Amino acid sequence: MMGNLALGPRRAMTLGTAIALCAGLDACKAPPESRYVSDPADARHGLEVIERVGCGACHEIPGVGWPEGNAGPSLRGFDDFGPIAGQLPNTPTNLAAFVRNAPLAKPGSPMPAMPLSVAEARDVAAYLHGLDDG
Amino acid sequence: MVEAGSAFDAWWGWPPPVLDPAGPYADSVTTLAWVLFGLGVIVTLIVVAAVYLAVNGSKRTKSKLGGERAVWIGGIAFPGIVLTILLVWGLALTASLTKTPTGDEMRVRVTGHMWWFDVEYLDSAGNVVLRDSNELHLPVGEPVVIELASADVIHSFWVPNLSGKEDMIPGRVNELLVQADKAGRFGGICAEYCGGPHALMGFVTVAHGSSEWREWWKDRTRSLPGIADQDVPGETVVLASNPATPPDLNPLDGRQLFMNSGCAACHRVAGTEANGLAGPDLTHVGNRLSLGAGILPNNRGTMMGWIGNSQSIKPGNRMPNYDMLSADELEAIAIWLEQQK
């Protein structure tokens, strides 16, 4: 059994290559932690808006303790999502347009328009994109 | 994580703040609460000081504290006098809470159900004039008698801004006086554990200034036979509306879906064939500030989320998830319900 644990010359070489490769990777620019870094004040206001209009009635949203509705998808880790509703590039502008008036932003969307002003929608988007900041 | 205060609870009045009286009945309760709290603090300080002296004091202080005289004064005379004064003062202060209504007050019957409130506005003969759910509108500055009843288990009706709490007991009617001296939205809650989602059994009270109140009343009763002054269209409760909402492209018939999906078996919508009584009356649901009994704001999104999956919002409530309906069908029903004002 002990023999199996000891590294043979060939395996040691593989390990060495791997370490070298890792070191090389480290020299490259690391991918950004967060796609979009939100202004904390905007994001804070966005959370207030989310609670006031009740986004949680359909969505699980980090930072909203209750409700965690199941009718729509969870928004945990929104910054890492692919396209919004499978179609729109996940940018702050698109997200703000979508949360305010989904049927207009993406015809056929199951999400209805919500009672948000343009500024409020922008702050909601800032909150969702800011979930992994900091 | 939901923060109290701020614009959040002002939006539709829930959850309600306590110790913030908006009328005479809540005022006396709040005063009594603060005086009791203050006296409690003083007595606690005295006891802590006595304990400290009993341990660290001089021999002479210790022997005084342990003497019979200290027991007579601190253990019998002091509490006897203080509690007697407090009792007499407290009873005088809160006498108005239990006074008999004069009979001229506006009367509303509120019946507790698991887990929502049925609201019936009564005329002077005790007949139901108007029925609503989970929301009570009243005029500023007027005492209102609330007849408290229960359809199932014991609930307790509590709008902290307006009055103390009073139980809703099956088989009997308790009367509670409330009064709001300023206009606003005041949240209420069930204050007696009544099973499952008791903590999510809420209520919204809206107090209107006198002209606004008359308009509200005329608006709500305009379609009812025998109610005079039907010509003034009232508009008081402005629902959150989205100026950018596109014209409804939903081609489905929300009314028909409501009737055919089983909703009508539990919910009544006056003027339609929907006459179920097991759940909240939806005749005026489009004007309501809240959904799910005081707990959610009322907009198209929350309505769709509630109908589609209410169990994830208020676990154990008696409405099943309508998750067999498509998003388009949910939206069509929500749009039709928005029009029920």
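Letters A, B, ... mirror the listed sequences (proteins, then strands); counts begin at 1. The shown structure was predicted, so the numbers you read here are calculated from the model rather than taken from an experiment.
Nearest approach of Pro297(B) to Gly54(A), heavy atoms of both residues: CG-N, 3.7 Å. Closest non-hydrogen pair, Met114(A) versus Gly301(B), comes out as SD-CA, 3.6 Å. Residue Pro112(A) comes nearest to Met304(B) through the heavy atom pair CG-SD, 3.4 Å, listed as atom of the first residue, atom of the second, then distance. Across all their heavy atoms, Ala71(A) and Asn309(B) have their closest contact at N-CB, 3.9 Å.
Only the side chain of Pro67(A) comes within contact range of chain B, with heavy atoms under 4.5 Å apart.
Distance alone, capped at 3.5 Å, is enough to place a donor-acceptor pair between the Asn299(B) side chain and the Val53(A) backbone. The main-chain N or O of Ile313(B) is found under 3.5 Å from a side-chain atom of Trp66(A) such that the two form a donor-acceptor pair.
Separating the OG atom in Ser109(A) from the CD atom in Glu331(B) is a distance of 9.0 Å, to the nearest 0.5 Å.
Side-chain contact check for Ser312(B) versus Glu68(A): every heavy-atom pair is 4.5 Å or farther apart.
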